[in-house]
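Chain identifiers are assigned alphabetically (A, B, ...) following the order of the sequence lines, protein sequences preceding nucleic acid strands; residue numbering begins at 1 within each chain.
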Number of protein chains: 2
Amino acid sequence: MSNFEAFFDYIQEISGKLLSEDDKQLLMAHFKPKKLRKRQYFLQEGDVCKYIGFIVKGSARTFTVDEKGHENVLKLSVENWWLADFESFYLLTPSRFNIEALEDMEVLQSTNAQIEEFLKHIPAFSAMQNVISQNYTIATQKRMQAAFSYTAEERYEDLISNYPHFLKRFPQNMIASYLGLSPETLSRIRKNSFK
Amino acid sequence: MSNFEAFFDYIQEISGKLLSEDDKQLLMAHFKPKKLRKRQYFLQEGDVCKYIGFIVKGSARTFTVDEKGHENVLKLSVENWWLADFESFYLLTPSRFNIEALEDMEVLQSTNAQIEEFLKHIPAFSAMQNVISQNYTIATQKRMQAAFSYTAEERYEDLISNYPHFLKRFPQNMIASYLGLSPETLSRIRKNSFK
DNA sequence: CGATTAACTTGATTTAGGTCAGGACAGTGA
DNA sequence: TCACTGTCCTGACCTAAATCAAGTTAATCG
């Protein structure tokens with residue numbers, strides 16, 4: 001199944017290790033393919049995030065809704081990224097986040113208990129986890145710094161240079177929210193940066 | 001050496017596993033105790049972060065300096081926390097951060113290469129790493145959300161409830177910077193929250 | 001296809017928080 | 001002892017970005 005081929009490639013590439021036939025069988029047995037239509041929710045606020053998903057195709061946003069009904073995008077995710085509220089997933093607490101498909105999606109999903117098994121039995125899988133957690137640590141450190149010490153404009157420039165494809169792929173108001181800006185402000189920044 | 005006792009306790013507690021005598025010997029052989037005086041730097045911007053440090057005693061701040069000479073505190077660290085710019089530490093790139101002792105400190109430090117060895121040979125150590133990276137992921141997710149969707153006042157309330165001891169331990173201008181505020185603003189928030 | 005809804009732009013106004021400036025108290029050190 | 005430096009407070013002013021409002025363009029769907 002082509003879904004899994006992309007997934008296997010990803011694991012092998014990022015971990016720098018090969019998956020055996022047994023490894024692949026184990027993964028195929030416990031990662032369930034799931035389709036989500038645009039606007040469908042992978043996770044709803046208040047629910048426990050029972051599944052972690054690997055995005056084979058499509059994109060999603062992770063967001064909160066505050067008391068005034070204002071939506072706040074924390075994360076935009078595309079192919080070869082993982083989808084979960086890790087706090088809820090690890091601790092089994094109700095999530096404060098929503099995760100919603102922005103395009104039709106194909107996801108491979110599994111549970112916390114099964115992930116533990118993969119980590120125990122598949123060397124490439126646990127190597128992958130280490131690399132991901134390193135990357136995540138680094139990326140978050142950068143994003144925190146940007147959030148606090150950059151202006152709106154600098155954050156936008158930063159996004160352009162780090163994730164240029166986001167601009168084509170996501171509506172501008174999502175990008176604005178992801179940058180912590182109102183849609184109006186982003187529109188004005190873009191207008192000014194043209195001249 | 002009492003330094004190491006606290007360190008061993010920490011590893012065993014957080015990992016849920018015991019350290020053997022051999023494990024302890026290995027750790028003692030490759031974690032070097034180091035003293036830092038108040039104001040001394042553990043890491044300077046531009047240098048590669050060759051060491052990771054475990055704080056046995058004292059506290060530190062991780063900060064950047066922007067073009068205008070404005071300091072920006074990203075992290076405040078106390079006993080039983082780790083000290084490093086992980087991007088620089090993992091990738092061996094020059095760091096954009098400074099790490100400075102805010103009090104006299106005792107640190108146990110080691111290198112990236114040695115950490116790899118510990119992970120390979122000491123089960124409690126790699127279990128610890130997994131727990132830490134989970135906790136870190138969760139904490140960062142929260143902090144990101146706070147940074148983007150909370151007001152100055154809410155961020156301060158949040159700090160009070162999560163890290164009340166920070167308020168006694170760190171000067172107010174450090175706290176302000178950590179919260180992404182000017183010292184004046186924090187002062188005013190405190191004034192208002194008294195009545 | 002036209003009808004509705006969603007996405008983007010632009011202007012006018014407001015506001016949270018920053019910046020600048022002055023002063024009150026420590027704590028430290030020659 | 002008294003300057004010196006760092007920390008905190010308070011007031012006056014300013015500015016980046018949010019909010020409100022209205023209009024335009026682009027997507028979506030029956």
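A 6.0 Å sphere centred on CZ of B:F125 holds more than 12 heavy atoms belonging to other residues, nucleotides or ligands.
Look at A:E87 and A:R96 and you find a salt bridge, because one of the NZ, NE, NH1 or NH2 atoms lies within 4.0 Å of a carboxylate O, short of that distance. A salt bridge is absent between A:E157 and A:R190; no separation between the charged side-chain nitrogens and carboxylate oxygens falls under 4.0 Å. Contact check on B:E71 versus B:R61 returns a salt bridge, with a Lys/Arg side-chain nitrogen under 4.0 Å from an Asp/Glu carboxylate oxygen.
The aromatic rings of B:F31 and B:F118 lie parallel to each other, their planes meeting at an angle below 30°, with 60° marking the opposite boundary. Ring-plane geometry between A:F166 and A:Y163 is classed as parallel, the angle between the planes falling under 30 degrees on a 0 to 90 degree scale with a further cut at 60.
Here B:L181 lies in heavy-atom contact (under 4.0 Å) with sugar-phosphate atoms only.
In terms of hydrophobic clustering, with Ile, Leu, Val, Met, Phe, Trp and Tyr side chains grouped at heavy-atom distances under 4.5 Å, A:F97 and A:F54 are assigned to different clusters. Using a 4.5 Å cut-off between side-chain heavy atoms of Ile, Leu, Val, Met, Phe, Trp and Tyr, with links allowed through other members, A:V78 and A:L74 fall into different hydrophobic clusters.
Rounding to whole angstrom units, CG of residue A:N192 and P of C:dG11 are separated by 11 Å. Atom-to-atom, CD of A:E184 to P of C:dT14 comes out at 16 Å; the value is rounded to the nearest Å. The nearest whole Å value for the distance from the CD1 atom in B:I189 to the P atom in C:dA16 is 11 Å. Atom pair B:E154:CD and C:dA16:P shows a separation of 12 Å (rounding to whole Å applied). Nucleotide C:dA6 holds its P atom 11 Å from the NZ atom of A:K38, rounded to whole Å. We find that NE2 of B:H70 is positioned 15 Å from P of C:dG17, with the value rounded to whole Å.
Contact between the side-chain N/O atoms of A:K191 and the OP1/OP2 oxygens of C:dG11 is found at a separation under 4.0 Å. For C:dA6, neither phosphate oxygen OP1 nor OP2 lies less than 4.0 angstrom from any side-chain nitrogen or oxygen of A:Q172. In terms of phosphate contacts, A:S187 brings no side-chain nitrogen or oxygen within less than 4.0 Å of OP1 or OP2 of C:dC8. In terms of phosphate contacts, B:T185 brings no side-chain nitrogen or oxygen within less than 4.0 Å of OP1 or OP2 of C:dG17.
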Can you check each nucleotide of nucleotides 23-30 of chain C against protein heavy atoms at under 4.0 Å and return B for base, S for sugar-phosphate only, - for none, in 5' to 3' order? --------
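A cation-pi geometry, defined here as NZ or CZ lying under 6.0 Å from the six-membered ring centre and within 45° of its normal, holds between B:R143 and B:Y178.
When distances are taken from the side chain of A:N173 to each of C:dT9, C:dA7, C:dC20, the shortest belongs to C:dA7.
Taking every nucleotide of DNA chain D with any atom under 4.0 Å from a non-hydrogen atom of chain A, the first and last of them, 5' to 3', are D:dA17 to D:dT28.
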